[in-house]
Asks: 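What follows is a single structure, and I will ask about it in a moment.
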Amino acid sequence: MGNTFQYGNAHFTQYLSAAEIQTTVDELAVQIRKDYEGKTVLLVGVLKGAYVFTADLMRALKMDVEIDFVRLSSYGKEKSSTGTVTLLKDISRDIRGMHVLIVEEIIDSGRSLRFLYDRLIQSGPASLEIVTLLDKTSKRVVDVPVKYVGRKVDDQFLIGYGLDLEERARNFSDIYKLTYPN
């Protein structure tokens, strides 16, 4: 992909390069490794969007980690959250007494993450934290305790690196922003 491309009537411009993303992932890994030194961490990736970030973060951590996934829905085919969170796939293990790190690629309203955080905290983990690659704080309508933030971003529609446009473009190594039509 180049710095710009067109998908239907939509025009996109590069927002973050693969190199910038990798630097951000590496910086997050350093912080997490320091905080969890000597501990095993269960990474809970939020499908589908966070799978790329989860895989890259897991490799960058260079420590003892386990992995599981959940799948939530609040978007459907829309470009913004519908406000209703549905659990489509739950974690597959008991997390009681474990150090759990929820891995999200982007936080908008915070509704989905708040739902997941509240659900997991009831299971009695030793600790529960959130890491996100991108944080749209301007879109936040529900408070979520995010400990690790890769980058704060403005209110842009983003695709690539796991972020999708109608289930497409997740495989792009760069992240692109919608420039037209807005």
Asks: Given the rule in the side-chain contact (heavy atoms from CB on, under 4.5 Å) test, do Val41 and Met63 qualify, once you have shown the distances and angles that lead to the verdict?
Replies: CA-CA 9 Å; Val41 177; Met63 58 183 279; 3.6 Å; yes
Asks: Quick check for you: to the nearest 0.5 Å, what is the distance between Ile102 atom CD1 and Leu120 atom CG?
Replies: 5.0 Å
Asks: Nearest 0.5 angstrom please: Arg114 CZ to Ser109 OG, how far?
Replies: 12.0 Å
Asks: Looking at every heavy atom in both Tyr161 and Ser173, which two are closest together, and how far apart are they?
Replies: CD1-O, 4.1 Å
Asks: Could you pull out the closest heavy-atom pair between Arg119 and Ser123, with the gap in Å?
Replies: O-OG, 3.8 Å
Asks: Please tell me if the side chains of Ile32 and Leu57 come closer than 4.5 Å, counting only heavy atoms from C-beta onward.
Replies: yes
Asks: Let me see the working for Tyr117 and Val144 under side-chain contact (heavy atoms from CB on, under 4.5 Å), right down to the final yes or no.
Replies: CA-CA 8 Å; Tyr117 184 89; Val144 287; 5.8 Å; no
Asks: For the CG atom of Asp164 and the CZ atom of Phe172, what is their distance to the nearest 0.5 Å?
Replies: 11.0 Å
Asks: Judged by modelled atom types alone, do Arg168 and Tyr7 share a side-chain donor-acceptor pair under 3.5 Å?
Replies: yes
Asks: Once you round to the nearest 0.5 Å, how far does CG of Asp108 lie from CZ of Phe157?
Replies: 9.5 Å
Asks: Dump the intermediate steps for side-chain contact (heavy atoms from CB on, under 4.5 Å) on Thr40 and Glu66, then the final yes or no.
Replies: CA-CA 7 Å; Thr40 299; Glu66 296 178 25; 3.8 Å; yes
Asks: Would you say CD of Glu37 has more than 12 non-hydrogen atoms from neighbouring residues, nucleotides or ligands within 6.0 angstrom?
Replies: no
Asks: Taking atom types as modelled, find out whether His11 and Thr179 have a side-chain donor-acceptor pair closer than 3.5 angstrom.
Replies: no
Asks: Using links of under 4.5 Å between side-chain heavy atoms of ILVMFWY residues, direct or through other members, which residues join Val30 in one cluster?
Replies: none
Asks: Is any side-chain heavy atom of Lys177 closer than 4.5 Å to one of Val153?
Replies: no
Asks: Distance from Leu163 atom CG to Ile175 atom CD1, nearest 0.5 Å?
Replies: 5.5 Å
Asks: Do Gln31 and Lys147 come close enough that some side-chain heavy atom pair is under 4.5 Å?
Replies: no
Asks: Using a 3.5 Å distance criterion without hydrogens, assess whether the side chain of Arg151 forms a donor-acceptor pair with backbone atoms of Leu134.
Replies: no
Asks: Taking ILVMFWY side chains as joined if any heavy atoms are under 4.5 angstrom apart, and letting links pass through other members, which residues group with Val141?
Replies: Val142
Asks: Provide the closest heavy-atom pair for Asp26 versus Ala60 in the form atom of the first, atom of the second, distance.
Replies: OD1-CB, 3.7 Å
Asks: Give the minimum heavy-atom separation between Ile121 and Leu128, together with the two atoms involved.
Replies: N-CD2, 3.7 Å
Asks: Do the charged groups of Lys89 and Asp68 touch, with an N to O distance under 4.0 Å?
Replies: yes
Asks: With Phe12, which residues qualify under ring pair (Phe, Tyr, Trp, His ring centres under 6.0 Å), at least two apart?
Replies: Phe5
Asks: Starting at CG of Asn3, measure out to OH of Tyr15 and round the result to the nearest 0.5 Å.
Replies: 15.0 Å
Asks: Are any non-hydrogen side-chain atoms of Glu20 and Thr23 less than 4.5 angstrom apart?
Replies: no
Asks: Please check if the side chain of Thr132 supplies one atom and the backbone of Glu104 the other of a donor-acceptor pair under 3.5 Å.
Replies: yes
Asks: Is there a side-chain contact between Ile91 and Leu42 (heavy atoms, below 4.5 Å)?
Replies: no
Asks: Tell me the closest heavy-atom pair linking Gln156 and Leu178, and the distance in Å.
Replies: OE1-O, 3.9 Å
Asks: Does the pair Arg140/Asp143 count as a salt bridge with the N-to-O cut at 4.0 Å?
Replies: no
Asks: Strictly distance-based, threshold 3.5 Å: is any side-chain N or O of Asp174 a donor or acceptor partner for the main-chain N or O of Ala18?
Replies: yes
Asks: Any side-chain heavy atom of Val52 within less than 4.5 Å of one from Glu105?
Replies: no
Asks: Would you name the heavy atoms of Ile95 and Val100 that are closest together and state the gap between them?
Replies: CB-CG2, 4.0 Å
Asks: May I ask you to check whether Asp118 and Gln122 show a side-chain donor-acceptor distance below 3.5 Å?
Replies: no
Asks: For a side-chain contact (heavy atoms from CB on, under 4.5 Å) check, start with the C-alpha distance between Tyr176 and Leu165, then their side-chain angles and the critical distance, and finish with the verdict.
Replies: CA-CA 11 Å; Tyr176 293 86; Leu165 173 62; over 6 Å; no
